[in-house]
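All remarks here apply to the structure that follows.
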Amino acid sequence: MTSLSAELTTITGDAFEAEGLSRAFGQVQGSDRSDLAQFQCNGALAAAKAAKTNPRAIAEKIAARLKANLFFSKVEIAGPGFLNLDVTDAMLAARLDVLRADPRQGAPDTGAGRTLVIDFGGPNIAKPMAVHHLRSSIIGDCLQRLYRANGWAVISDVHLGDWGLQIGQLITEIELEGSAPIYFDSNVVGPYPDDAPVTMESLVTLYPRASAACKADPPRLEAARRATVDLQAGRPGYRALWKHFVTVTEAGLTREFASLGVKFDLWKGESGVDGLIAPMIEDLKARGLAETSEGALVVSVARDDDKKPMPPLILLKSEGGVLYGTTDLATIIERVRDHDPALILYVVDHRQHSHFEQVFRAAHLAGFAGNAVLEHVGYGTMNGPDGKPFKTRAGGAMKLYDLIEMGKAEAEKRLAEQGIGAGYTADERAEIARKVGIATIKFADLSNHRTTDYIFDLERFSKFEGKTGPYLQYAAVRIQSILRKAGACAAVPSFLTSPEERVLALRVLALGDIMAAAEDKRAPNMLCEYAFELAQDFSRFYAAHHILSETDANLRAARLSLCAQVLGVLTKVLDLLGIEVPERM
RNA sequence: GCACCCGUAGCUCAGCUGGAUAGAGUGUCGCCCUCCGAAGGCGAAGGUCAUAGGUUCGAAUCCUAUCGGGUGCGCCA
């Protein structure tokens, strides 16, 4: 279905066209001044500027035409030439009924079947998910849900960091430890043990140790680099060891992502394009795009009009190792070959902006991108309340798992305080706490604009009052409770009788516009804002009108229908945010 | 040094391609549960939108400069 504002834009556009002006001036949007009108059109001001005439005179002409349309209950000119518009209640009610019957629930079809590949999460081997993975995971997950809802064929890829120097560092560390000599015996080419010589727990302590050792000791770093090259060249013992790292880490990550409610279509990693790299490099060499520079093989991506020095994309390090720019480039080839996407999004920390700039330029130079637009969806860094990188009280990195546990504990505490959960089973309480805890974390994160640097404040993350995830869940749970008490009742045609219902109806009808805008800007915070306003509008309606005790049967039925519809929209938006609504809480 | 991002209420943040009286939440101070769930609703106070210029009928938004903060700049990811 087309949205209400789009329909009004068509009508107003017609009016501008009839006056010999561009119909683009007819853009109608929700009013900034809800005390004055429901909708506004500022086109007369723009049109007057272009034609150098009086905006008020243009507005008069447009208004005269709009007044003839039965859609509008009010057409007014205000200030220098704003067109203020109200729609009739009958029209709003009719739109509600259309929306209720829409199988797409008002979602725009911006995708029209096109394919999106979205790359997010990006955890690394041997590192537990830390809080800084939170943003990529939940912003990426929200975007994949949104694009899917908007008619895109979405393919999400976790894109593990499983092929770089950190693996060489781990291998070297294990060799020095001497705990698994078989993988380093050059007389052995397999088979190797099925049981992993490491666990997630041991990897997690191994990696920081290896990393610190390499930083402090240059020969050690050299050894790690050689190990990386040998791994990438296919040394059997190293490959076997690497496989164990991946298996062990994946099991841990799967649990963590599952607890967050985040799913991926593909569990690929940097290593997945190993086979594509040699032919890609040969191809780039043959076409003169790759050259040797300072001992490395690079693709020059600088342009004459660059305002800053743009270093080349390094394909092969001096000692022959492959970098993540190399695998990223090869991954574009793979994705275009396998999926022919119209768009590839990379949801990665904005500090990596120049890396993606290099990779995208190289891809375009080489003609690898096919029909795909390549875009880095960056997000702000995560700091503690002091503005410095976030640490726990003990000084270590905060793990995502611990954060989720804290959110759950806080929710359980609240449940106990309210006394509401007294009759629930332990399982149900735990399930509610899980949903509420995760909603708190996700909403607190997503409601910030993604590009702003992020202050990770535990106190804020455990708040349940005000503009929070639990507020939205609470609103939904209250509606569920009303509907449960009302028993089975059929949906009836809508009609509106109060200002609160009118406001609520307008909000419900704006869903499609918000979904389109949030997609366009890749901005989950717009969905958060909308969900909050919707819940607030409902709470006002709820406070102003008693529904179950309404004696007018028709009005009662209409209000129950409205409740059900609001619940549907609220649940939908929360689902886009990756937030579940408990039965009760 | 060069480049990019940011500076909005005590605090944390929204403000879309320039538009009407700059908005939320939180905190502070009031009011509202004998009625559908108060994790709620209503109200008050709180701002020279970093500073100084410029463009425009009109600027938090666009341009310039200054101050303050963050980030990135060849073999980590």
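Each chain gets a letter, A, B and so on, in the order its sequence line appears, and its residues count up from 1.
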- prompt: Using the C1' atom in both, what is the distance from B:G46 to B:G72, to the nearest Å?
  reply: 38 Å

query: Between A:T452 and B:A14, does any side-chain N or O lie under 4.0 Å from OP1 or OP2?
result: yes

message: Under the side chain to side chain contact (heavy atoms under 4.5 Å, CB included) test against A:V273, which residue among A:V322, A:T327, A:L329 passes?
response: A:T327

task: For A:L165, report the nucleic acid contact type (base, sugar-phosphate, nothing); a contact means any heavy atom under 4.0 Å.
output: sugar-phosphate

- prompt: Using atom C1' of each nucleotide, how far apart are B:U28 and B:C36 to the nearest Å?
  reply: 32 Å

message: OP1 or OP2 of B:C36 versus the side-chain N and O atoms of A:Q480: is any pair under 4.0 Å?
response: no

- prompt: Base, sugar-phosphate alone, or nothing: which one does A:K49 contact when heavy atoms must sit under 4.0 Å apart?
  reply: base

field: Minimum-distance nucleotide (side-chain atoms of A:Q29 versus B:C16, B:G37, B:G19)
entry: B:C16

message: Let's test this: given Watson-Crick or G-U wobble pairing with both distances under 3.5 Å, identify the partner of B:A38.
response: none

- request: Would you state whether a donor and an acceptor, one from the side chain of A:Q40 and one from the base of B:A20, lie under 3.5 Å apart?
  value: yes

message: Roughly how many Å apart are B:C57 and B:G18, using the C1' atom of each and rounding to a whole number?
response: 12 Å

query: Under 4.0 angstrom, heavy atoms only, what part of the nucleic acid is A:L415 near: base, sugar-phosphate, or nothing?
result: base

message: Considering every strand and a 4.0 Å limit on heavy-atom distances, what is the contact class for A:Y542: base, sugar-phosphate, or nothing?
response: base

- prompt: OP1, OP2 of B:C5 versus side-chain N and O of A:R351: anything below 4.0 Å?
  reply: no

query: Looking at B:A39, B:C36, B:G72, which one has an atom nearest to any side-chain atom of A:S354?
result: B:G72

query: Expressed in angstrom and rounded to an integer, what is the separation of A:R414 atom CZ from B:G37 atom P?
result: 18 Å

field: Sugar-phosphate only, base, or nothing, as touched by A:A517 at under 4.0 Å among non-hydrogen atoms
entry: nothing

message: Students often get this wrong, so: under 4.0 angstrom with heavy atoms, is A:S539 touching a base, only sugar-phosphate, or nothing?
response: sugar-phosphate

message: Among B:G25, B:G74, B:G37, which nucleotide has an atom closest to any side-chain atom of A:V477?
response: B:G37

field: Backbone N/O of A:T110 and side chain of A:N150: donor-acceptor pair under 3.5 Å
entry: no

message: How many whole angstroms separate atom CG of A:D537 from atom C1' of B:C42?
response: 15 Å

B:U8 versus B:C62 - spacing of their P atoms, nearest Å: 16 Å

field: Nucleotide nearest A:A78 when distance is taken to its side chain, options B:A77, B:G74, B:A20
entry: B:A20

message: Rounded to whole Å, how long is the line connecting atom CZ of A:R478 with atom P of B:C36?
response: 11 Å

query: Starting at CG of A:D162 and ending at P of B:C76, how long is that distance when rounded to a whole Å?
result: 17 Å

task: Quickly work out the A:L313 CG to B:C76 P distance and round it to whole Å.
output: 14 Å

task: Please check the phosphate of B:A39 (OP1 and OP2 only) for any side-chain N or O of A:K463 closer than 4.0 Å.
output: no

message: With a cut-off of less than 4.0 Å, is there a side-chain N or O of A:Y530 near OP1 or OP2 of B:A24?
response: no

message: Between B:G10 and B:G27, how far apart are the two C1' atoms, rounded to whole Å?
response: 8 Å

field: Residues in ring-ring contact (aromatic ring centres under 6.0 Å, His included) contact with A:F541, at least two apart in sequence or another chain
entry: A:F538, A:H545

field: Minimum-distance nucleotide (side-chain atoms of A:E270 versus B:A77, B:C75, B:A39)
entry: B:A77

- request: With heavy atoms under 4.0 Å as the rule, sort A:L36 into base, sugar-phosphate or nothing.
  value: base

message: Taking 4.0 Å as the cut-off, does a side-chain nitrogen or oxygen of A:Y324 come that near to OP1 or OP2 on B:A77?
response: no

message: Heavy atoms from C-beta onward define the side chain here; which of B:A14, B:C42, B:G37 lies closest to that of A:R584?
response: B:G37

message: Could you tell me how far B:C31 sits from B:G70 if I compare only their C1' atoms? Round to whole Å.
response: 44 Å

query: So what does A:L45 hit on the nucleic acid, given a heavy-atom distance under 4.0 Å: a base, only sugar-phosphate, or nothing?
result: base

message: Show, in sequence, the C-alpha distance, side-chain angles and deciding distance for A:E76 and A:L36, and conclude whether the side-chain contact (heavy atoms from CB on, under 4.5 Å) test is met.
response: CA-CA 9 Å; A:E76 279 178 5; A:L36 298 181; over 6 Å; no

task: Determine the contact category for A:H350: base if any of its heavy atoms lies under 4.0 Å from a base atom, sugar-phosphate if only primed atoms, P, OP1 or OP2 are that close, otherwise nothing.
output: nothing

- request: Measure from the side chain of A:Q536, starting at C-beta and using heavy atoms only, and say which of B:G72, B:G25, B:C75 lies closest.
  value: B:G25

- prompt: In chain order, what residues pass the ring-ring contact (aromatic ring centres under 6.0 Å, His included) check against A:H350, with sequence neighbours excluded?
  reply: none

Presence of A:N54 side-chain N/O under 4.0 Å of B:C57 phosphate oxygens OP1/OP2: no

- request: Quote, to the nearest angstrom, the C1' distance that separates B:A45 from B:G53.
  value: 34 Å

message: Quick check for you: among B:C76, B:G40, B:G74, whose closest atom lies nearest to any side-chain atom of A:E294?
response: B:G74

- request: Please work out if A:D520 contacts a base, only the sugar-phosphate, or nothing of the nucleic acid, heavy-atom cut-off 4.0 Å.
  value: nothing

- request: Begin from the C-alpha positions of A:D328 and A:H355 and carry the test side-chain contact (heavy atoms from CB on, under 4.5 Å) through to its verdict.
  value: CA-CA 10 Å; A:D328 277 354; A:H355 163 74; 2.7 Å; yes

query: Can you tell me how far C1' of B:C75 sits from CH2 of A:W163, to the nearest Å?
result: 18 Å

query: Reckon A:Q473 touches a base, only the sugar-phosphate, or nothing at all at heavy-atom distances under 4.0 Å?
result: nothing

- prompt: Expressed in angstrom and rounded to an integer, what is the separation of A:R226 atom CZ from B:C75 atom P?
  reply: 19 Å

task: Answer with base, sugar-phosphate or nothing: what part of the nucleic acid does A:H159 contact at a heavy-atom distance below 4.0 Å?
output: nothing

- prompt: Who does B:A50 pair with, Watson-Crick or G-U, both distances under 3.5 Å?
  reply: B:U66

- request: Select base, sugar-phosphate, or nothing to describe what A:K317 touches, counting heavy atoms under 4.0 Å on all strands.
  value: base

query: NA contact type, A:L323, heavy-atom cut-off 4.0 Å: base, sugar-phosphate, or nothing?
result: sugar-phosphate

- request: Sort out for me which residue in A:F120, A:Y324, A:F360 forms a ring pair (Phe, Tyr, Trp, His ring centres under 6.0 Å) with A:Y346.
  value: A:F360

query: B:A3 and B:C63: how far apart are their P atoms, nearest whole angstrom?
result: 15 Å

- request: Could you check which of B:C42, B:A39, B:C76 has an atom nearest any side-chain atom of A:Y474?
  value: B:A39

statement: Rounded to whole Å, CG of A:L472 lies from P of B:A39 at a distance of 15 Å

message: Tell me whether A:E583 at atom CD has more than 12 heavy atoms from other residues, nucleotides or ligands lying less than 6.0 Å away.
response: no

- prompt: Taking OP1 and OP2 of B:G37, is either one under 4.0 Å from a side-chain nitrogen or oxygen of A:S481?
  reply: yes

- request: Kindly say if A:K307 contacts the phosphate of B:C4, meaning a side-chain N or O under 4.0 Å from OP1 or OP2.
  value: yes

task: Would you indicate, yes or no, if B:C76 has its OP1 or OP2 atom less than 4.0 angstrom from a side-chain nitrogen or oxygen of A:R225?
output: yes

